[in-house]
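See below for the structure under consideration.
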Number of protein chains: 2
Amino acid sequence: MKAEEISRKLIDKKLKVTPQRIAILEAIINLNNHPTAENIVEYIRKNHPNISVATVYKVLDALVDSRLIKKVKTERDIMRYDGVVESHHHIYCSDSDRIEDFNDNELNELLEKYFEKKKIPDFKIEDIKLQIIGKYIKTK
Amino acid sequence: MKAEEISRKLIDKKLKVTPQRIAILEAIINLNNHPTAENIVEYIRKNHPNISVATVYKVLDALVDSRLIKKVKTERDIMRYDGVVESHHHIYCSDSDRIEDFNDNELNELLEKYFEKKKIPDFKIEDIKLQIIGKYIKTK
DNA sequence: TTTTAAACGATAATAATTCTCTTATAATAA
DNA sequence: TTATTATAAGAGAATTATTATCGTTTAAAA
Ligand SMILES: [Mn+2]
Ligand SMILES: [Mn+2]
Ligand SMILES: [Zn+2]
Ligand SMILES: [Zn+2]
């Protein structure tokens with residue numbers, strides 16, 4: 001994705017456009033595999049060697065607040081970020097930190113229909129996502 | 001749950017039975033709502049005022065390793081623990097840290113059938129759980 | 001009982017994240 | 001275009017959850 005397109009996203013959310021913000025959002029989208037703040041810093045420093053980690057954290061916060069990115073739930077105390085904001089599922093590898101996206105409209109419709117029928121008392125569902133946990137099989 | 005029953009669980013997993021381990025496992029099971037290490041310390045100190053937080057963390061680790069408890073995925077950097085080890089789903093409140101269990105066999109069967117039919121290439125599924133995100137509606 | 005490997009408690013160390021403060025800059029107005 | 005100003009960036013200190021270290025205690029086996 002090019003800088004022009006990224007700027008547009010920031011402007012739409014009324015965020016001031018800065019080189020750092022462009023670089024960070026671009027990094028998350030390009031890296032694609034639910035990077036940590038550290039992954040993002042490492043990636044950005046190739047082209048932008050003076051960026052501060054504090055800036056990265058502050059920008060990540062701003063991007064989450066304006067819903068340009070999302071946090072990913074994990075059972076580790078390292079935060080991970082997702083550049084795909086449309087609702088989708090996640091495949092968690094049970095013996096590494098790999099997290100992959102899983103999109104499946106048939107499944108989404110199945111779930112939607114199921115929860116239309118079967119309501120949770122006193123609860124308004126906003127989003128449903130699957131954690132699919134397992135192992136990738138080595139293929140020769 | 002009584003101490004006798006908790007001891008049995010520890011013995012079954014070949015863990016040395018100590019008052020601290022009994023208290024910690026009992027706390028997680030009794031608190032029931034996916035407590036943090038801090039919640040557990042606070043709860044235990046009522047009856048067991050000298051327990052060290054380091055011990056709590058070490059015991060939690062041991063209990064996770066032997067699968068007497070589980071970690072819960074969140075998007076915060078505070079770990080939460082689950083005394084319910086049978087596979088189940090979670091309802092995450094979108095404006096608080098409340099996490100509730102959600103059990104539904106009809107849904108489980110639906111999902112199981114679905115993924116029997118629709119395999120994920122090169123991936124062996126071990127567990128599937130839903131994150132149901134939304135809000136509890138205040139009822140008068 | 002005695003033995004001893006393992007667990008506990010206190011406290012220091014670490015690591016991810018947040019805060020504070022000064023300087024720089026993007027957006028806007030003149 | 002330049003001046004203004006609110007906001008963002010950068011450096012480094014502080015905080016917070018968690019982990020490591022190490023001397024002391026204890027559960028459980030002999
Ligand atoms: Mn940490
Ligand atoms: Mn932390
Ligand atoms: Zn994703
Ligand atoms: Zn649970």
Side-chain angles (χ1 to χ4, degrees), chain A residues 3-4 6-28 34-42 44-45 47-66 68-69 71-81 97, chain B residues 3-4 6-28 34-42 44-45 47-66 68-69 71-81 97:
Chain A
E4 174 57 29
I6 305 267
S7 295
R8 172 61 40 210
K9 286 174 187 282
L10 293 168
I11 292 164
D12 286 349
K13 297 293 186 177
K14 304 189 190 334
L15 291 175
K16 202 182 269 193
V17 178
T18 68
Q20 292 84 348
R21 285 176 172 181
I22 293 170
I24 291 165
L25 186 47
E26 202 168 34
I28 297 164
H34 311 97
T36 64
E38 199 193 357
N39 296 151
I40 294 163
V41 169
E42 199 181 350
I44 291 178
R45 287 219 167 125
N47 297 308
H48 210 297
N50 298 317
I51 198 160
S52 156
V53 304
T55 299
V56 171
Y57 279 104
K58 279 182 285 199
V59 169
L60 287 170
D61 244 31
L63 296 176
V64 170
D65 281 352
S66 41
L68 285 172
I69 64 172
K71 291 181 172 183
V72 179
K73 289 186 171 61
T74 72
E75 48 193 55
R76 309 240 353 243
D77 80 334
I78 306 172
M79 195 60 57
R80 298 183 60 168
Y81 297 89
D97 291 331
Chain B
E4 174 57 28
I6 305 267
S7 294
R8 172 63 38 211
K9 287 174 188 281
L10 293 169
I11 292 164
D12 286 349
K13 297 291 186 177
K14 304 189 191 332
L15 291 174
K16 201 181 270 192
V17 177
T18 69
Q20 293 85 348
R21 286 176 170 181
I22 292 171
I24 291 164
L25 186 46
E26 200 167 36
I28 297 164
H34 311 97
T36 63
E38 199 194 356
N39 297 151
I40 293 163
V41 169
E42 200 181 350
I44 290 179
R45 288 222 167 124
N47 296 310
H48 209 298
N50 298 318
I51 198 160
S52 157
V53 304
T55 299
V56 172
Y57 278 105
K58 279 181 284 197
V59 169
L60 287 170
D61 243 31
L63 295 177
V64 170
D65 280 353
S66 41
L68 285 172
I69 64 173
K71 292 182 172 182
V72 179
K73 289 187 171 62
T74 71
E75 49 193 53
R76 308 235 2 239
D77 80 335
I78 304 172
M79 195 60 57
R80 296 182 63 166
Y81 297 89
D97 291 332

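Each chain gets a letter, A, B and so on, in the order its sequence line appears, and its residues count up from 1. No experiment lies behind these values; they were computed from the predicted model shown.
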For atom [atom1] of [X] and atom [atom2] of [N], their distance in whole Å:
{"X": "A:L15", "N": "C:dT25", "atom1": "CG", "atom2": "P", "result": "19 Å"}
{"X": "B:D65", "N": "C:dA7", "atom1": "CG", "atom2": "P", "result": "11 Å"}
{"X": "B:D61", "N": "C:dA6", "atom1": "CG", "atom2": "C1'", "result": "15 Å"}
{"X": "B:I22", "N": "D:dT26", "atom1": "CD1", "atom2": "P", "result": "15 Å"}
{"X": "A:I11", "N": "D:dA8", "atom1": "CD1", "atom2": "C1'", "result": "16 Å"}
{"X": "B:I51", "N": "C:dT11", "atom1": "CD1", "atom2": "P", "result": "16 Å"}
{"X": "A:D77", "N": "D:dT15", "atom1": "CG", "atom2": "C1'", "result": "14 Å"}
{"X": "A:E38", "N": "C:dT18", "atom1": "CD", "atom2": "P", "result": "15 Å"}

- Task: From the options A:T36, A:V72, A:L60, A:L63, select the one residue that forms a side-chain contact (heavy atoms from CB on, under 4.5 Å) with A:Y81.
- Result: A:L60

- Message: Under a 3.5 Å distance rule, please check whether A:S52 uses its side chain to pair with a backbone N or O of A:A54 as donor and acceptor.
- Response: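 Present.
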
- Query: Would you say the side-chain atoms of A:R80 pair up with the backbone N or O of A:D97, donor to acceptor, closer than 3.5 Å?
  - Reply: yes

Report yes if a side-chain nitrogen or oxygen of [X] is closer than 4.0 Å to either non-bridging phosphate oxygen (OP1 or OP2) of [N]; otherwise report no.
{"X": "B:Y57", "N": "D:dT19", "value": "no"}
{"X": "A:Q20", "N": "C:dA26", "value": "no"}
{"X": "B:T18", "N": "C:dA6", "value": "no"}
{"X": "B:T36", "N": "D:dA17", "value": "no"}

Any base atoms under 4.0 Å from [X], or only sugar-phosphate, or nothing? Heavy atoms, all strands.
{"X": "B:N50", "result": "sugar-phosphate"}
{"X": "B:V59", "result": "sugar-phosphate"}
{"X": "A:T55", "result": "base"}

- Paired with C:dA30: which nucleotide, if any, by Watson-Crick or G-U wobble criteria at under 3.5 Å for both distances?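 WC or wobble partner is D:dT1.
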
- First encountered from the 5' end of DNA chain D, between B:K16 and B:A37: B:A37

Which nucleotide, [options], lies nearest any side-chain atom of [X]?
{"X": "A:M79", "options": "D:dA28, C:dT11, C:dT17", "result": "C:dT17"}
{"X": "B:A54", "options": "C:dC8, D:dA27, C:dT11", "result": "C:dT11"}
{"X": "B:V17", "options": "C:dA26, C:dG9, D:dA28", "result": "D:dA28"}
{"X": "A:S52", "options": "D:dA8, C:dT11, D:dG10", "result": "D:dG10"}

- Query: Once you round to the nearest 0.5 Å, how far does OG of B:S7 lie from CG of B:D12?
  - Reply: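 Rounded to the nearest 0.5 Å, the OG-CG separation comes out at 10.5 Å.
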
- Message: Tell me if the CD atom of B:E42 is crowded by more than 12 foreign heavy atoms within 6.0 Å.
- Response: no

- Where B:M79 and A:D77 come nearest, the two heavy atoms and their spacing: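 Minimum heavy-atom contact is CE-N, 4.3 Å.
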
